[in-house]
Amino acid sequence: MQQLEQTLKTALQAAAQATFGQEIPAASLVLQPTRKDFAGSFTLVTFPLTKAFGKGPEQIGQALGEWLKANAPAVRGYNVVKGFLNLEIADAEWLKLFGELLASPAGAPVPTGGPQRVVVEYSSPNTNKPLHLGHLRNNFLGYSVAEILKATGATVTKANLVNDRGIHICKSMIAYQRFGEGATPESAGLKGDHLAGKYYVLFEKHYREEIKQLEAEGVTNEVAKKQAPLMLEAQEMLQKWEAGDEEVMALWHRMNGWVYDGFNATYANIGVDFDKFYYESGTYLLGKERVEEGLAKGVFFKKENGSVWVDLQAEGLDEKLLLRADGTSVYITQDLGTAELKYQDFGYDSSIYVIADEQNYHMQVLQATLKKLGKPYAEAIHHLSYGMVDLPSGKMKSREGTVVDADELVKEVEEAAKAATLEKGKTEGLSDEELAQLYHTLGVGALKYYLLKVDPKKRMLFNPEESVQLTGDTGPFIQYSYARTSKIQRTAKETGVVALTEISEISALEPAESELIQVLAGYANAVAEAAKTLSPAIIAQYAYEVAKSNNRFYKEVSILKESDPLKKSFRVALSAKAGETIKTTLGLLGIEVPERM
RNA sequence: GGUUGUAUAGCUCAAUUGGAUAGAGCAUCUGACUACGAAUCAGAAGGUUUAAGGUUCGACUCCUUAUACGACCA
């Protein structure tokens, strides 16, 4: 694509010189793909040239187009609609472009001049409850953004900061001590994260009852919340934890171990991975050191009660608490430590935090605070802020039992894929393991595509019925398009058809062919744009576009039934390239492709 | 109260960053399988882009004000 666009731009400059004796300013020399309803493949907008050239937009378009048609071999024809010059490209140019595509291997890096060493932090779960739908959007986004950045040639580290300490963990532990009766994941027949989550819910339930009880005795709600025995116990446990109490630590290790086993199973199931785990329990002390450093430098200050604050009013933010009066840390304390650890470990020039948009303010504070400390990595911090996932019934609330559990959801989409596959009845000869793998590929593919196709920064609605849809703008639609190309390649191999490598002998192209080539050539653009904006949605849209174009090509021209052997092997090659592009593009979203479905 | 985000077809989302007649999918209607795989393709219908002003050759996009919903900070 780069080369063809360059050819056209050079030709346009020559045309402008020849007809108007002037250059087209670089800012105006932007070619955009021609809209569907008009003839042509590339469009130059001529409105901006009217002043410089002293002519009307249509006159300019006519003059440039006429010159190009006569003098530029790449341009086969043109048409002018108002201020738009649409250029039709000669088949030979499309073939040359296809030759370039064939020469560049699948997944070749797309250099963008963006950051080279990147840390993407995502997932970052709490160890007191299992993953839910909201985490899925986070995990899919983080994984995908990391893959997209890798595709630009960057060295990317996927990091997971586990929130493994704090009062919420103690709540689960207290409830387990009281009601657990020594249960283990094995004895309970539950994944470890679900087991821990069960006790967290139990804590909340009994805690609410205690509050009610106290209120009945005439205590105000506010006081009751603080004085409920369960809460006092939990706080006592937190202090013991900070003091390193042996018994508490043993229980903490034991329960967290269960939870990690559960998380790892979920991660494996949804196909995300990490290069590095950080634990809040291992970073909050370093964070406290940074607070001390800030005090020593005089950029933080202490209030009379001993709490430590940073004043960010000059940055348009407020005063922010960094350390409580009793010396215990708050959320941001450990963030200061973690940022530094990550920098020590990986020396990033970009550090991406995949965190929901409710933390926008928090992330601004973190960055501003690091700047105050004069940390060189403060500028490298980027918050990939994404919107919440809503359910048709409203917001997810664990307290009201309206959470969608991640493991459950995956099971459901697999079931839907299974039902649809059995109905189609096209999978004869596949083993049970292969079938299970297929249902998983399709189900998770549908789910990932559904969550990733929406612009990350937008709040989105999760419709359970739509998420398991397999037709239309969905993951399986694109996977199906791939499966067809795969079948073509298998049959071609069996019948001894060899994909063309020397394209110069092909003469005329069908519209569906040149269009597909143009779409395939857009891969680099899509990756560059997605990397710049940290938006997998752009990749999802591109994948959909490729699949559509590939389907049209499949429908409109014969591939294996073509009688001309040269054309046949050209089309086999084009189909193969389309399949390959779909595979690498979906790969950037963490979606796999089936050879059959 | 302060800061901030969002508002596009019945529903869920796009719109190449200021360009053409605002596009897809779902749902509705019509057509195409003795055709390389119909999980597909072709088509119809569906819009005062929340409202009112402004900027200019040109606005869903930028500016002002208002309204609605959300998030965060006291």
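Every heavy atom of this structure was used, including side-chain atoms; hydrogens, water molecules and symmetry mates were not. In what follows, every chain begins at residue 1, and chains take the letters A, B, ... in the order their sequences are listed.
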Pairing string of RNA chain B (Watson-Crick or G-U wobble, both atom distances under 3.5 Å; | = paired to other strand) is (((((((..((((.....[...)))).(((((.......))))).....(((((..]....)))))))))))).

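Remark: A:K577 engages A:E580 in a salt bridge, criterion side-chain N to carboxylate O under 4.0 Å. Ion pairing between A:E315 and A:K320 fails under the 4.0 Å rule for side-chain N and carboxylate O.
With sequence neighbours excluded, the residues forming a ring-ring contact (aromatic ring centres under 6.0 Å, His included) with A:F98 are A:F570, listed by chain and number. Contacts of A:Y544 classified as ring-ring contact (aromatic ring centres under 6.0 Å, His included), with partners at least two apart in sequence or in another chain: A:F477. By the ring-ring contact (aromatic ring centres under 6.0 Å, His included) test, A:Y122 pairs with A:F274, sequence neighbours left out. A:K458 meets the salt bridge (charged side-chain N to carboxylate O under 4.0 Å, His left out) test with no other residue; sequence neighbours excluded. For A:F53, the ring-ring contact (aromatic ring centres under 6.0 Å, His included) partners two or more places apart in sequence, or in a different chain, are A:F20.
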Pair up each side-chain donor or acceptor in residues 557-566 of chain A with any protein partner under 3.5 Å, not counting sequence neighbours, and list the distances.
from, atom 1, to, atom 2, distance (Å)
A:E562, OE1, A:R571, NH1, 2.9
A:E562, OE2, A:D564, N, 3.0
A:D564, OD1, A:L566, N, 2.9

Using a 3.5 Å cut-off and no angle test, enumerate the donor-acceptor pairs between side-chain atoms of residues 23-32 of chain A and protein atoms at least two apart in sequence or in another chain.
none

Can I get a per-line list of side-chain donor-acceptor pairs under 3.5 Å for residues 44-52 of chain A, giving both atom names and the distance, sequence neighbours left out?
from, atom 1, to, atom 2, distance (Å)
A:T46, OG1, A:P57, O, 3.0
A:T46, OG1, A:G83, O, 3.0
A:T50, OG1, A:F47, O, 2.9

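For A:Y439 and B:rA39, the OH to P distance is 15 Å, given to the nearest whole Å.
Distances were taken from every side-chain heavy atom of A:R552 (C-beta onward) to each of B:rC41, B:rC72, B:rU16; the shortest belongs to B:rC41. Here the side chain of A:F477 is nearest to one of B:rA20, B:rC72, B:rC41, namely B:rC41.
For the P atoms, the distance from B:rU3 to B:rU64 is 13 Å, rounded to whole Å. Rounded to the nearest Å, the gap between the C1' atom of B:rG53 and that of B:rA59 is 14 Å. Taking atom C1' in both B:rU61 and B:rC36, one finds a spacing of 44 Å when rounded to whole Å. Taking atom P in both B:rA42 and B:rG5, one finds a spacing of 40 Å when rounded to whole Å.
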Are there any protein N/O atoms within less than 3.5 Å of an N/O atom in nucleotides 2-12 of chain B, and if so, which ones and at what distance?
from, atom 1, to, atom 2, distance (Å)
B:rA7, OP1, A:K458, NZ, 3.3

Can you name the atoms? Protein N/O to nucleotides 32-38 of chain B N/O, anything below 3.5 Å, with the distance.
from, atom 1, to, atom 2, distance (Å)
B:rC36, O2, A:I559, N, 3.2
B:rC36, O2, A:L560, N, 2.8
B:rC36, N3, A:I559, N, 3.1
B:rC36, N4, A:Y554, O, 2.3
B:rC36, N4, A:V557, O, 2.5
B:rG37, OP2, A:K487, NZ, 3.2
B:rG37, O5', A:Y554, OH, 3.4
B:rG37, O2', A:Y480, OH, 2.8
B:rG37, O2', A:R484, NE, 2.9
B:rG37, N1, A:M597, O, 2.8
B:rG37, N2, A:K426, NZ, 2.4
B:rG37, N2, A:M597, O, 2.9
B:rG37, N3, A:K426, NZ, 3.0
B:rA38, OP2, A:R484, NH2, 2.9

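Taking side-chain N and O atoms only, A:R35 has no distance below 4.0 Å to OP1 or OP2 of B:rU16.
Of the residues in residues 43-62 of chain A, those lying under 4.0 Å from RNA chain B by heavy-atom distance are A:T43, A:V45, A:F47, A:P48, A:K51.
One N or O donor and one acceptor, one from the side chain of A:N86 and one from the base of B:rA20, sit under 3.5 Å apart.
A:L442 comes within 4.0 angstrom of a base, heavy atoms only.
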